[in-house]
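First comes the structure, then the notes that go with it.
Hydrogens, waters and symmetry mates are skipped; everything else that's a heavy atom, side chains included, is used. Residue numbers start from 1 in every chain, and the chains themselves are labelled A, B, ... in the order their sequence lines are given, proteins ahead of strands. The structure presented is a predicted model; accordingly, all values stated were derived computationally and were not measured.
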Amino acid sequence: MRLATWNVNSVRARLDRVLAWIDRSDVDVVALQETKCKDEQFPEQAFLDLGYEVAHHGLSQWNGVALVSRVGLEDVSTRFSTDVPQFGEPAVTEARAIGATCGGVRVWSLYVPNGRGLEDPHYVYKLAWLQALRSAGAGWLAQDPQAQVALVGDFNVAPTDDDVWDVDFFAGATHVSEPERAEFRSLVDAGFADVVRPYAPGPGTYTYWDYTQLRFPKRQGMRIDFVLGSPALAGRVTGATIDREERKGKGASDHAPVVVELAPNA
DNA sequence: ATGACCTGTACGACAGGA
């Protein structure tokens with residue numbers, strides 16, 4: 001089974017590119033982030049025509065996550081726990097998570113809050129959101145240590161200094177702060193391994209490049225998109241790639257797709 | 001070459017991104 005995650009930065013603005021990539025990449029399950037539309041605006045029929053089912057969760061022009069699958073899409077949920085942190089005044093729950101069982105794997109498409117700045121309320125929200133995710137994930141594994149779970153998406157955290165093109169450039173910014181990195185590590189420590197890294201070693205290996213300042217051709221990026229697998233899932237991984245070719249050219253998302261190859265379930 | 005911000009909303013900027 002081939003499982004992918006991709007922050008598409010609007011599914012409608014680059015629908016042709018998204019469909020073409022899925023069609024040629026032979027992927028069974030694709031988790032999308034930043035679809036930037038409401039459910040009724042999601043171009044579902046185009047995915048159905050390709051032979052994939054879709055579950056989408058979008059509440060406004062912001063955020064939005066989806067799961068696309070040709071190996072089943074069951075038990076869809078749009079919250080990983082009963083106490084996902086809210087944001088804003090008045091407080092609202094944003095469309096940042098959708099989970100479903102696809103081909104025997106519980107897949108969560110996640111779009112972790114950006115944080116905006118270290119003194120911003122959004123940063124507090126980001127840390128709380130990651131903590132809630134870790135708590136939920138740890139609970140699933142406590143209930144079933146053999147659970148096949150994939151936590152995938154845009155985590156908006158660069159876990160180590162090797163995951164950004166210039167540490168000094170990001171000094172004092174979000175994505176690299178110690179509290180964010182600690183939350184990411186605790187997710188890994190809870191049993192969710194970064195299954196891509198062994199196949200995409202660094203430094204200099206990234207999944208995101210800013211649109212400005214020629215960041216992509218200069219290879220100045222960040223590694224912030226991940227596939228984190230439970231022990232049972234991680235044991236099935238036989239390969240992984242970051243498809244930086246898809247970052248090239250006109251109309252690209254600023255994130256590259258990340259693909260993981262899984263051996264058949266024993 | 002990989003190339004000099006982009007998207008949604010709404011129609012002029014502005015929020016949000018990271």
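Comparing the same atom, P, in B:dC14 and in B:dA4 gives a spacing of 25 Å after rounding to whole Å. Comparing the C1' positions of B:dG8 and B:dT2 gives a spacing of 27 Å, expressed to the nearest Å. Comparing B:dG12 with B:dT7, their C1' atoms are spaced 15 Å from each other, to the whole Å. Distance noted for atom P between B:dA18 and B:dA13: 26 Å (whole Å). Across B:dA15 and B:dC11, the matching P atoms stand 15 Å from one another, rounded to whole Å.
A:Asn114 and A:Lys126 share no side-chain donor-acceptor pair at under 3.5 Å.
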Study note, to complete from the structure: Once base and sugar-phosphate atoms are separated, protein heavy atoms under 4.0 Å mark nucleotides 8-18 of chain B, 5' to 3', with B, S and - as SS-----BBSB
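The CD1-C1' distance, from A:Ile242 to B:dT2, rounds to 16 Å in whole Å. One atom, CH2 of A:Trp165, and another, C1' of B:dT2, lie 16 Å apart when rounded to the nearest Å. Rounded to an integer number of Å, the gap from CD of A:Gln213 to C1' of B:dC5 is 9 Å.
In this structure, the salt bridge (Lys or Arg N to Asp or Glu O under 4.0 Å) partners of A:Glu246, at least two apart in sequence or on a different chain, are A:Arg17, A:Arg24. Residues that satisfy the side chain to side chain contact (heavy atoms under 4.5 Å, CB included) test with A:Ala263, not counting sequence neighbours, are A:Thr238. Under the rule for a salt bridge (Lys or Arg N to Asp or Glu O under 4.0 Å), A:Asp49 has no partner lying at least two apart in sequence or in another chain. Under the rule for a side chain to side chain contact (heavy atoms under 4.5 Å, CB included), the partners of A:Arg219 that lie at least two apart in sequence or sit in another chain are A:Arg244.
Chaining together hydrophobic side chains whose heavy atoms lie under 4.5 Å apart places A:Val149 alongside A:Phe80, A:Val84, A:Phe87, A:Trp108, A:Leu110, A:Val112, A:Tyr125, A:Trp129, A:Leu130, A:Leu133, A:Trp140, A:Leu141, A:Leu151, A:Phe155, A:Val157, A:Phe184, A:Leu187, A:Val188, A:Phe192, A:Phe226, A:Leu228.
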